[in-house]
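Okay, structure first, notes after.
Atom set for the values below is all heavy atoms of this structure, side chains included, hydrogens, waters and symmetry mates excluded. Numbers here are sequence positions counted from 1.
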Amino acid sequence: MSEDSASTETPTPRATMGTLVVAVLLYTLARLALVAVIAVVIYFVGKIVGVDIPVLVAAVFGVLIALPLGMVLFKTLRLRVNDQIAQVDADRSARHADLQSRLRGDEE
């Protein structure tokens with residue numbers, strides 16, 4: 001069954017700086033939205049229970065809770081960003097090596 005799933009997978013397109021920026025932006029916005037949602041939940045649960053929680057305290061706890069939770073919830077986004085960073089870096093290294101070889105006068 002693993003052979004069937006491997007044959008139906010579409011090849012991932014090469015990452016460019018533009019696609020990398022979009023992926024990083026999407027991942028960042030998802031993490032910030034998670035922090036905001038957790039902070040709002042903490043704030044309003046405190047209000048419902050009758051405890052006055054300052055917004056700053058709710059935000060700090062939102063960040064602390066969202067850090068590990070975001071790593072788990074947004075794993076696919078994080079892995080996409082990591083893959084695109086590796087692709088962009090490999091392309092940059094290849095261009096650099098090509099430029100260096102041309103500057104040395106090496107034959108192609």
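- Residues Val88 and Thr16 form no side-chain contact, since every pair of their non-hydrogen atoms from C-beta on lies 4.5 Å or further apart.
- Contact between Arg31 and Leu67 at its shortest, heavy atoms only, is NH2-O, 3.2 Å.
- The nearest pair of heavy atoms linking Ala59 to Ala39 is CA-CB, 3.9 Å.
- Following chains of ILVMFWY side-chain contacts shorter than 4.5 Å, one cannot reach Phe61 starting from Val40, and the two form parts of different hydrophobic clusters.
- Under the 4.5 Å side-chain heavy-atom criterion for ILVMFWY residues, a single connected hydrophobic cluster contains both Leu20 and Tyr27.
- Across all their heavy atoms, Ile53 and Gly46 have their closest contact at CD1-CA, 3.7 Å.
- Every side chain to side chain contact (heavy atoms under 4.5 Å, CB included) that Leu25 has, sequence neighbours left out, goes to Leu29.
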May I have the step-by-step check of side-chain contact (heavy atoms from CB on, under 4.5 Å) for Ile65 and Leu34, ending in yes or no?
CA-CA 9 Å; Ile65 294 169; Leu34 181 63; over 6 Å; no

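- Annotation: side-chain hydrogen bond (donor to acceptor under 3.5 Å, both in side chains) contacts involving residues 63-81, sequence neighbours excluded, are absent.
- Heavy-atom minimum distance, Ala66 versus Val35: CB-CG2, 3.5 Å.
- Residues Leu77 and Ala30 approach most closely at CD1-CB, 4.0 Å, considering heavy atoms.
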Working for side-chain contact (heavy atoms from CB on, under 4.5 Å), residues Ile38 and Leu69
CA-CA 10 Å; Ile38 291 172; Leu69 192 59; 4.0 Å; yes

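- Under a 4.0 Å N-O distance rule, the pair Arg95/Asp91 does not qualify as a salt bridge.
- When all heavy atoms of Val81 and Val24 are compared, the pair lying nearest together is CG1-CG2, 3.8 Å.
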